[in-house]
Amino acid sequence: MREITFVEAVNEALHEEMARDERVYIFGEDVRVGYGKGGPFGATNGLATRFGPERVIDTPISESAIAGTSVGAALWGMRPVAEIMFSDFLALAMDHIVNSAAKMRYAYAGEATVPVVFRMACGAGVGAALHHSQSPEAWITNVPGLKVVMPSTPADAKGLLKSAIRDDNPVVFFEHKFLYSRLREPVPEGEHLIPLGKADVKRSGEDLTIIAYGAMLQQAMRAADLLNQEGVKVEVLDPRTLVPLDRETILQSVKKTGKVIIVHEAPTFGGFGGEIAALIAEEAFYSLDAPIKRVGAPFTPVPASPILEKFYLPNAEKIVKAAKEIME
Amino acid sequence: MREITFVEAVNEALHEEMARDERVYIFGEDVRVGYGKGGPFGATNGLATRFGPERVIDTPISESAIAGTSVGAALWGMRPVAEIMFSDFLALAMDHIVNSAAKMRYAYAGEATVPVVFRMACGAGVGAALHHSQSPEAWITNVPGLKVVMPSTPADAKGLLKSAIRDDNPVVFFEHKFLYSRLREPVPEGEHLIPLGKADVKRSGEDLTIIAYGAMLQQAMRAADLLNQEGVKVEVLDPRTLVPLDRETILQSVKKTGKVIIVHEAPTFGGFGGEIAALIAEEAFYSLDAPIKRVGAPFTPVPASPILEKFYLPNAEKIVKAAKEIME
Amino acid sequence: MQISDKDLLQMYRWMVLDRVFEEKTFDLLKLGKLVGFHHPNVGQEAVDVGTCYGLRKDDTIMPTHRGKGKYLMKGVDIKIMMAGMFGRRNGSGKGRGPASHSGDNSIGLLAGTGLIGSGIPISTGAALAMKLQKKDSVALHFFGDGASNRGDFHEALNMAGVMKLPIVYVCDNNCYAMSVPQSCAMAIENIAIRAEGYGFPGIMVDGNDVLAVYEATQKAIVRARKGEGPTLIECKTYRWMGHSINDPGVYRSAEEVAAWKEKCPVRRFENYLREKKILNDAKVQDVYKKVNEEIEEAVRFAESSPLPLPEDTLLDVYADLKN
Amino acid sequence: MQISDKDLLQMYRWMVLDRVFEEKTFDLLKLGKLVGFHHPNVGQEAVDVGTCYGLRKDDTIMPTHRGKGKYLMKGVDIKIMMAGMFGRRNGSGKGRGPASHSGDNSIGLLAGTGLIGSGIPISTGAALAMKLQKKDSVALHFFGDGASNRGDFHEALNMAGVMKLPIVYVCDNNCYAMSVPQSCAMAIENIAIRAEGYGFPGIMVDGNDVLAVYEATQKAIVRARKGEGPTLIECKTYRWMGHSINDPGVYRSAEEVAAWKEKCPVRRFENYLREKKILNDAKVQDVYKKVNEEIEEAVRFAESSPLPLPEDTLLDVYADLKN
Ligand SMILES: Cc1ncc(C[n+]2csc(CCOP(=O)(O)OP(=O)(O)O)c2C)c(N)n1
Ligand SMILES: Cc1ncc(C[n+]2csc(CCOP(=O)(O)OP(=O)(O)O)c2C)c(N)n1
Ligand SMILES: [Mg+2]
Ligand SMILES: [Mg+2]
């Protein structure tokens with residue numbers, strides 16, 4: 001299979017869905033031209049020339065209205081793909097994501113759908129500092145009405161984004177910017193759909209489950225390699241969708257291995273890992289034979305210096321260390 | 001000791017702190033007059049007449065600027081108490097809470113403090129429906145740099161609010177609107193300070209720990225009574241401050257009882273209870289002799305109808321049911 | 001502007017309905033019969049009727065929290081609205097959403113949210129959809145003087161201006177946002193001038209003159225349908241009652257309220273129609289009688305409608321997932 | 001406005017420093033020596049110098065993401081700034097925060113955030129503090145044309161207007177927000193007119209004419225110090241380079257860029273001073289020489305400065321708590 005980068009996979013999904021359904025349009029800052037290849041990251045490359053500026057719309061710097069108008073257009077028959085350039089700016093669009101999009105169907109008592117996707121680039125590792133590097137998924141996972149997706153591979157990015165655009169619910173779609181051009185992998189051409197709400201076992205093993213998503217999946221896979229060298233058979237599970245969470249696949253894996261480490265890039269405290277840990281501590285308690293470990297960032301903003309950022313980020317070594325603590 | 005209501009306790013704290021420190025001022029919508037007694041709930045009663053309209057400032061409907069200007073004023077020597085009328089509107093002030101207030105000290109590399117309190121009325125139970133009833137604490141507990149407080153009793157409300165105003169960090173202070181005029185209890189007069197970051201054991205017991213905050217504390221206490229009648233000795237623990245969380249007191253209690261139920265009013269999924277559960281599943285794992293239970297709201301918006309709202313809200317009966325599941 | 005006698009009478013009937021509905025539901029509210037928040041619109045009827053009269057089904061409106069007149073004019077069945085206010089299972093919102101923030105796409109009623117001002121971009125998005133769909137429908141969006149200070153007002157109007165969207169922004173300027181007078185919330189007198197900053201016209205009208213409101217709206221609608229872009233219309237009016245049932249209104253003088261009551265938009269329109277011989281005592285009585293009957297029937301319908309089932313709580317969160 | 005020759009020379013020196021600093025650091029950026037984002041300010045120097053010249057220590061400024069001239073003029077040590085850009089432990093931000101969003105209360109430098117427009121209420125809050133403290137200091141706030149479309153612009157300017165706060169809003173209108181031309185982001189040409197909607201004056205100046213900018217700013221500052229409220233000053237200018245190092249600038253024509261380079265603010269001011277016989281070849285060379293030396297020295301300082309320690313990550317999150 002041909003290999004493409006993460007951002008190319010995102011771009012391919014957008015191309016295909018715009019070609020398939022003319023209700024789909026792109027709405028955000030610098031999406032038309034950007035740095036010459038569509039946006040600052042190239043995610044919207046070629047869309048404006050192919051589909052015209054009517055369907056690939058550059059907006060003013062107005063994150064709240066980008067989100068809010070997208071809710072309105074979705075209510076009125078369109079399927080907007082709204083782009084929030086950096087997921088840190090989710091804070092500016094927060095009201096329309098949590099109070100408008102998420103609650104509309106309920107307010108309409110089921111008589112409306114809100115098929116909008118909010119795409120946003122998240123994560124650290126590229127030296128973008130405290131206001132352009134956050135992993136804010138936990139800000140919105142307590143909000144009923146939203147789906148929340150965070151792919152970890154190019155193939156998943158394509159398949160999940162296509163599904164998100166076809167979904168009749170509001171979907172917040174996090175794309176990790178570290179992966180954009182750094183991760184190149186095989187991605188199926190054409191129709192390739194991955195259902196929202198299905199986790200993926202990226203590697204099977206019997207001794208320990210590592211649950212990781214976003215850029216942390218790569219670190220979990222590396223950690224699994226390292227641990228394998230010491231004879232520990234690791235299962236690596238990627239939830240892919242955080243809301244709805246694939247509880248069954250998670251519980252199945254933990255019931256098999258009895259040990260679990262949950263990894264995410266956001267600070268550990270208050271992060272989405274807590275939800276996964278709580279689920280396991282309630283539903284798979286009797287299968288557990290060691291404490292549930294979480295590996296995340298310390299409770300600080302993302303620092304600007306690369307030296308500090310490296311210290312800040314969770315990585316394979318930190319995962320291995322956590323594993324050793326519970327494998328004893 | 002004289003008894004006052006929850007909102008009177010809040011009001012008393014504001015009076016005392018404004019009298020003590022002239023850098024403290026109140027900033028928000030309808031805080032001066034409101035419905036005649038200071039704001040829609042009476043929290044700012046008497047402040048404008050006592051301290052003048054210069055220090056009790058009615059603002060336009062501009063939640064983002066209420067928060068943002070408060071950050072600026074705090075940086076420049078003031079100690080603002082900003083009021084966001086309903087905590088659902090936190091979504092509008094989100095950027096300045098998570099990206100401005102929380103990160104300023106870090107951006108200044110320690111050379112500035114941001115002593116601002118964001119007060120807001122949270123919670124359901126008063127028929128205020130989906131946009132005026134949320135418990136959004138989990139939206140901001142993954143954000144380093146903030147302190148997050150949610151008192152459960154009038155005495156705690158007074159003592160914690162006074163401490164929050166004196167704190168040099170940004171504090172988000174949730175006041176449960178169901179408690180405002182419904183809960184009347186003894187509150188110490190004058191100087192009464194409760195340190196942020198200290199949990200409170202509201203009732204001691206050996207068989208089961210119930211951790212609950214906000215309006216749920218009352219339900220936990222009721223549940224403890226009910227369980228007591230069946231011979232179960234319940235310890236009820238109120239974290240009071242969610243960030244920083246008093247890990248020691250929580251772990252101590254769970255290590256003693258071996259069983260824990262975590263209760264909050266927000267939807268269970270993705271709620272702050274996950275953090276508490278994860279803490280326990282990691283640090284007190286070997287003391288646990290039953291699954292960790294969480295009791296929260298279902299994963300829906302807060303419904304408008306009182307019948308539905310009653311079904312929605314966690315309560316003592318639901319807590320007792322959860323207890324029975326793990327006491328077997 | 002030429003308006004037929006029939007239309008004038010219809011408009012009058014709506015004015016009366018709006019007035020009586022708001023008064024009646026406020027009484028019901030005081031009796032504890034309604035669920036949720038309600039913000040009476042008494043005194044502001046001319047804005048409702050002048051803007052909503054003659055809209056097409058494929059035009060959208062998004063009313064504010066204040067009053068139910070716009071909903072009814074856009075086509076919400078008065079019984080369904082009343083049942084919603086009573087929190088019944090068959091009413092607007094069906095007990096899940098509040099009656100005043102429920103929508104209905106089939107009649108072009110967009111739901112707002114309980115957040116003042118946040119509806120502005122949502123309506124603007126509907127206008128964007130209309131434009132992308134190459135339709136000549138129009139979005140009408142309502143908001144108060146207070147809402148015009150929200151960032152969303154600015155972001156949405158600016159977007160609508162630069163994208164030339166088919167939308168009419170109607171500001172119900174009733175002089176107050178809860179207890180806060182306009183002068184305490186902005187340094188300007190005329191909110192309409194803000195439109196200049198977005199590159200489209202801003203117009204002020206006497207919000208107690210239903211025909212002036214109607215004329216201004218119709219002009220703006222024509223402009224929007226032709227693809228010439230948005231208009232902001234500021235209607236100067238006043239709310240007679242407190243912000244809500246909890247509000248004794250201590251922040252304004254009895255004289256101020258009395259002076260505005262003198263300018264009653266319903267009576268003013270009635271007098272005008274009497275002068276034009278379109279109305280007389282008998283006709284007025286007839287209108288009131290029918291309106292009262294209609295409302296009474298709606299109340300009966302609502303009171304005999306079923307309450308929601310507790311488990312309804314769990315419905316309609318997602319289009320596909322079940323709780 | 002009378003300005004002494006000494007002041008004019010000082011201003012010229014700042015113009016040159018600004019220009020050379022931005023060019024030099026852009027070269028360093030290309031060499032991979034700097035950490036974080038940098039947005040070169042070349043072409044916009046007259047705004048920096050015309051606004052920041054002559055400010056008091058107790059006045060505040062909050063610059064934008066673009067350029068370092070304002071920071072240096074307000075009193076950030078050039079060595080410390082450079083060390084910050086190199087990500088050193090003793091530099092602005094100390095490796096925790098980026099050099100361009102670090103603040104220093106002792107010199108009236110407010111830190112912004114990386115969110116375009118979000119600084120506007122923060123500066124406005126500092127102005128509120130000044131007013132509450134009954135000081136006659138002034139806050140100067142900078143933002144781009146793009147930022148003026150953020151809701152925070154609206155909310156903050158409205159608040160400042162109604163509260164008559166001592167603040168001067170300076171819009172660096174350089175015609176683009178990243179790749180988006182002003183015409184694509186708003187339907188108006190002059191952002192200054194938005195001030196009318198907030199009840200205070202909006203003024204347009206040629207942003208490449210340092211003296212015009214200076215004069216407008218000084219007037220606004222006097223007004224603010226007297227308690228008469230805010231002013232919005234729109235400076236029309238242009239950025240010569242891409243938005244950032246990643247931006248080849250394909251969205252604008254070579255002719256457009258060339259035409260604006262013709263209007264170079266540094267050369268223009270230089271010519272003016274030459275005509276006034278305040279400058280001559282020798283003096284110009286001397287200014288450039290000294291500026292270059294100063295910058296070289298700052299680079300040497302930065303390069304020999306210590307890198308942060310990994311554990312520094314954990315510092316300064318809370319005033320009291322330790323990680
Ligand atoms: C974002 C937000 N802030 C505050 C409130 C509380 N609130 C409800 S109505 C209202 C006043 C609105 O004033 P205006 O827009 O003038 O409309 P009016 O009530 O006068 O019709 C306020 C402040 C809210 N619902 N949403
Ligand atoms: C809220 C927000 N949206 C988007 C961005 C990404 N961004 C950084 S600079 C910029 C353009 C800003 O334009 P303008 O305000 O005109 O300033 P200029 O760069 O032209 O000096 C954008 C869109 C951001 N940092 N913050
Ligand atoms: Mg009003
Ligand atoms: Mg610009």
Side-chain angles (χ1 to χ4, degrees), chain B residues 22-25 27 54-55 57-80 82 92-93 95-96 98-116 143-147 167-171 195-197 243-244, chain D residues 60 62 84 89 91-98 101-106 108 110-115 117-135 137 139 141 150-152 154-160 162-163 165 308 312 315-321 323:
Chain B
E22 61 175 26
R23 296 168 302 176
V24 177
Y25 69 94
F27 201 67
E54 273 223 340
R55 290 180 65 200
I57 307 171
D58 268 350
T59 66
I61 305 181
S62 305
E63 279 76 7
S64 182
I66 290 171
T69 53
S70 297
V71 172
L75 277 172
W76 208 240
M78 302 300 290
R79 303 188 80 88
L92 296 171
D95 174 47
H96 286 296
V98 308
N99 287 324
S100 304
K103 293 178 175 50
M104 269 301 168
R105 188 175 173 79
Y106 205 70
Y108 274 78
E111 315 245 314
T113 53
V114 191
V116 49
V143 180
L146 297 178
K147 295 189 178 179
D167 201 284
D168 275 339
N169 303 286
V171 180
L196 304 192
V243 186
Chain D
T60 61
M62 187 192 295
R89 195 171 197 227
S92 291
K94 297 184 184 162
R96 259 97 81 205
H101 294 301
S102 187
D104 184 343
N105 280 342
S106 71
L110 293 178
T113 77
L115 287 92
S118 294
I120 311 180
I122 301 177
S123 277
T124 305
L128 173 61
M130 292 165 186
K131 183 172 170 170
L132 293 174
Q133 293 156 359
K134 305 199 180 357
K135 297 203 181 123
S137 9
H141 185 81
R150 275 283 322 281
D152 270 10
H154 180 72
E155 294 194 357
L157 269 71
N158 181 57
M159 252 184 210
V162 73
M163 298 180 187
L165 300 183
D312 289 355
L315 303 174
D316 302 325
V317 183
Y318 290 92
D320 46 357
L321 310 174
N323 251 300

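Lettering follows sequence order; numbering is per chain, from 1.
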Part of [X] lying under 4.5 Å from any heavy atom of chain D:
X         : value
Lys103(B) : neither
Ile66(B)  : both
Val116(B) : neither
Ser64(B)  : both
Asn99(B)  : both
Glu63(B)  : backbone

Given that the side chain runs from C-beta out, which part of [X] has a heavy atom under 4.5 Å from chain B: side chain, backbone, both or neither?
X         : result
Thr60(D)  : side chain
Asp104(D) : backbone
Asn105(D) : both
Ser123(D) : neither
Leu315(D) : backbone
Lys135(D) : neither

*Using a cut-off of under 4.5 Å on heavy-atom pairs, state which of Met130(D), Met159(D), His101(D), Met163(D) scores highest against chain B.*
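Most heavy-atom pairs within the cutoff with chain B belong to Met159(D).
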Practice task
May I ask you to name which of Gly97(D), Ser118(D), Ser102(D), Gly93(D) has the most heavy-atom pairs under 4.5 Å with chain B?
Solution key: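 If we count pairs closer than 4.5 Å to chain B, Ser118(D) comes out on top.
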Tightest non-hydrogen contact, residues Ala156(D) and Ala65(B), listed as N-CB, 4.1 Å
Closest non-hydrogen contact found for Gly145(B) with Val317(D) is N-CG1, 3.6 Å
With side chains defined as the heavy atoms from C-beta onward, is the minimum distance between [X] and [Y] less than 4.5 Å?
X         : Y         : value
Asp320(D) : Asp168(B) : no
Met78(B)  : Leu128(D) : no
Leu165(D) : Thr69(B)  : no
Thr113(D) : Met104(B) : yes
His96(B)  : Ile122(D) : yes

Most chain D-contacting option - heavy-atom pairs closer than 4.5 Å, from [options]:
options                       : answer
Val71(B), Leu75(B), Thr113(B) : Leu75(B)
Pro144(B), Ala73(B), Ser70(B) : Ala73(B)
Arg55(B), Arg23(B), Lys147(B) : Lys147(B)

The reported gap from CG in Leu321(D) to CG in Asp167(B) (rounded to nearest 0.5 angstrom) is 7.5 Å
d(Leu92(B) CG, Glu155(D) CD) to nearest 0.5 Å is 7.5 Å
Judged by atom type as modelled, is there a donor-acceptor pair below 3.5 Å linking the side chain of [X] to the main-chain atoms of [Y]?
X         : Y         : result
Tyr318(D) : Leu146(B) : yes
Asp316(D) : Arg105(B) : no
Gln133(D) : Trp76(B)  : yes

